[in-house]
Amino acid sequence: MGLTAIDLGLRGATSGVFLLIIFVALLRRAGSQQALLGMAMSAGGVFYAIATAPFFPKSSWWWVLPILSAQPVVFWLWARAAFDDDFVLRRWHGSLWLGIVASGFALTLGWAYSPAWAGAGGRGLALVNLALALAAAVQTVKTWRADLVARRRRLRLAMLAINVGLIAVVAGAGFAAIPVVVPGAPGSLPTALVLFVVAMIAGLGTFAAQPVVPVNDATAAIASGGGRGADRASTGRVAVDPRVAVDPILLRRLDHLMTVERSYRQEGLAIGALAARLGVPEHRLRQAINEGLGYRNFNAFLNRYRIEDARLALSDAAQREVPVLTIAMDAGFQSIGPFNRAFKAETGVTPTEFRREALSRADIREPRREIG
């Protein structure tokens with residue numbers, strides 16, 4: 001009974017932390033997709049903590065377990081939203097979640113009629129969930145180097161490792177003789193402990209967030225590069241805290257590398273290579289770009305200069321015959337796909353549409369100069 005009491009206490013604390021996260025998000029009126037997915041993941045954490053607790057009625061498993069089996073989808077989407085500043089939720093994401101829930105119900109109900117069929121379907125569903133856990137891990141590793149937010153870099157790996165491990169256990173149960181995970185008493189206390197740790201890490205990530213304050217004039221002048229470009233959510237820029245101490249000399253040297261030497265054109269430029277050119281530790285450069293210029297992602301920082309370079313080339317009548325791909329490669333992009341996406345996110349139009357409109361305006365102005 002002592003271990004059971006500890007188990008139930010941990011689950012109660014876990015549920016309380018997750019509910020507090022949801023309450024804080026609602027209180028802040030957080031409407032971003034990351035916040036919404038975080039609330040969904042927290043609600044799933046509460047649901048899982050209760051449904052896998054000792055003495056939970058087995059008669060309720062037929063509707064509880066299919067919903068729990070779709071939690072890896074929620075976590076995968078949360079990882080995408082948390083670690084990829086350009087991620088956008090699509091309708092097919094919701095369809096994927098509904099499809100897994102529906103499959104879980106079908107397998108649970110079909111267990112009484114065809115255990116062999118349900119078992120095979122359960123193993124297939126487990127493979128899907130494991131693939132989603134792996135996709136979340138890949139997403140974190142893929143974007144880790146470009147992440148400029150120090151707190152997010154510290155928390156992401158710990159949060160990911162624990163969540164992926166938990167999801168792997170849940171999904172791995174599908175390879176057993178039952179189609180979906182069934183909570184077992186022997187693993188109840190470790191599960192409760194893992195859930196509690198996950199909840200605490202999620203709580204630290206939520207409650208340690210600092211309020212955003214306006215950009216100060218000095219930093220804004222350096223960050224804007226003399227007025228080039230506007231702040232957009234899609235570029236990964238955020239407001240800068242004027243209380244943050246960032247070396248202004250480093251910012252000026254960085255701006256010189258970007259605007260005069262055009263280092264952004266270097267193929268495959270990484271933040272480590274840029275820090276080496278500046279002769280500063282990588283963490284100092286990350287801090288300068290994030291806390292001094294307001295960028296959350298190194299690629300977004302580079303794309304600001306690259307897109308401005310491409311806009312000038314696309315607006316140049318002398319380069320009207322130059323292919324868009326060539327302009328993109330000259331600006332530092334490695335392929336046309338990322339260039340098109342970044343350009344449209346920044347300007348609202350495709351590069352081809354931008355060039356057509358810019359050259360049309362230039363053609364209209366040119367005859368007027370001749371008449372005058």
Side-chain angles (χ1 to χ4, degrees), residues 80 84-88 90 138-139 142-148 222-237 251-278 285 289 293-370:
R80 291 291 308 276
D84 183 356
D85 294 318
D86 297 324
F87 174 72
V88 178
R90 305 294 183 186
V138 169
Q139 176 65 39
K142 183 175 69 173
T143 58
W144 182 75
R145 290 287 299 171
D147 192 357
L148 299 175
I222 300 173
S224 63
R228 292 194 312 166
D231 283 328
R232 296 176 184 268
S234 60
T235 63
R237 291 194 62 183
L251 291 179
R252 286 195 292 270
R253 292 175 60 204
L254 177 61
D255 188 64
H256 183 271
L257 275 180
M258 294 293 106
T259 58
V260 178
E261 299 186 24
R262 297 182 178 181
S263 297
Y264 58 86
R265 289 185 168 186
Q266 179 182 331
E267 183 178 353
L269 179 63
I271 191 167
L274 192 60
R277 291 192 62 179
L278 290 167
L285 182 57
I289 299 175
L293 302 180
Y295 286 91
R296 296 165 57 85
N297 185 280
F298 182 64
N299 293 329
F301 166 72
L302 292 179
N303 285 349
R304 167 202 155 195
Y305 296 96
R306 290 170 174 171
I307 291 173
E308 181 65 18
D309 193 321
R311 288 173 65 175
L312 293 174
L314 291 170
S315 303
D316 186 0
Q319 301 187 55
R320 69 169 67 235
E321 301 301 327
V322 178
V324 173
L325 176 59
T326 301
I327 291 176
M329 300 288 282
D330 288 343
F333 288 93
Q334 299 182 29
S335 61
I336 193 65
F339 170 65
N340 285 336
R341 289 191 294 270
F343 193 93
K344 187 169 185 179
E346 172 69 19
T347 64
V349 295
T350 65
T352 302
E353 292 170 342
F354 178 87
R355 167 182 264 180
R356 186 185 306 116
E357 295 173 4
L359 294 181
S360 295
R361 290 192 298 268
D363 291 340
I364 292 173
R365 288 193 298 268
E366 189 66 26
R368 290 180 179 176
R369 294 196 189 99
E370 294 178 358

- I336 to A328 - nearest heavy-atom pair and separation: CD1-CB, 4.5 Å
- Note on the structure: Between I327 and A313, the two heavy atoms sitting closest are CG2-CB, 3.8 Å
- 4.5 Å side-chain heavy-atom contact, R341 and N303: no
- Task: Starting at CD1 of I307, measure out to OH of Y264 and round the result to the nearest 0.5 Å.
- Result: 11.5 Å
- Query: Could you state the interatomic distance from OG1 (T347) to CD (E353), rounded to the nearest 0.5 Å?
  - Reply: 8.5 Å
- Message: Going by salt bridge (charged side-chain N to carboxylate O under 4.0 Å, His left out), name the residues that satisfy it together with D147, two or more places apart in sequence or in a different chain.
- Response: R152, R156
- Query: Given T143 and F87, is the side chain to side chain contact (heavy atoms under 4.5 Å, CB included) satisfied, shown in steps?
  - Reply: CA-CA 12 Å; T143 58; F87 174 72; over 6 Å; no
- Looking at CZ of F298 and CD1 of I271, how far apart are the two atoms once the value is rounded to the nearest 0.5 Å? 5.0 Å
- Side chains of M258 and L274: closer than 4.5 Å at any heavy-atom pair? yes
- Query: In chain order, what residues pass the ring-ring contact (aromatic ring centres under 6.0 Å, His included) check against F354, with sequence neighbours excluded?
  - Reply: F343
- Item | All side chain to side chain donor-acceptor pair (under 3.5 Å) counterparts of S315, not counting sequence neighbours | none
- How would you list, by chain and number, every residue that makes a side chain to side chain donor-acceptor pair (under 3.5 Å) with Q319, sequence neighbours excluded? D316
- Query: Are V324 and T350 side-chain neighbours, meaning at least one heavy-atom pair lies under 4.5 Å?
  - Reply: no
- Where is the tightest heavy-atom contact between F339 and A310, given as atom of each residue plus distance? CE1-CB, 3.6 Å
- Query: Quick one: side-chain contact (heavy atoms from CB on, under 4.5 Å) partners of D330, sequence neighbours excluded?
  - Reply: T326
- Message: Considering only residues two or more places apart or on different chains, which pairs with a residue in residues 258-269 satisfy salt bridge (Lys or Arg N to Asp or Glu O under 4.0 Å)?
- Response: E261-R277, R265-D309
- Query: Heavy atoms, side chains only, cut-off 4.5 Å: are D255 and Y305 in contact?
  - Reply: yes
- Among all residues two or more places apart in sequence or in another chain, which pass the side chain to side chain donor-acceptor pair (under 3.5 Å) test with Q266? none
- Taking only residues two or more places apart in sequence or in another chain, which ones pass side-chain contact (heavy atoms from CB on, under 4.5 Å) with N299? A146, N297
- Message: Taking L278's backbone N and O only, do any of them form a donor-acceptor pair with R253's side chain (distance below 3.5 Å, no angle check)?
- Response: yes
- R145: side chain to side chain donor-acceptor pair (under 3.5 Å) partners, not counting sequence neighbours: E282
- Item | Contact check, side chains of K344 and N340, non-hydrogen atoms, under 4.5 Å | no
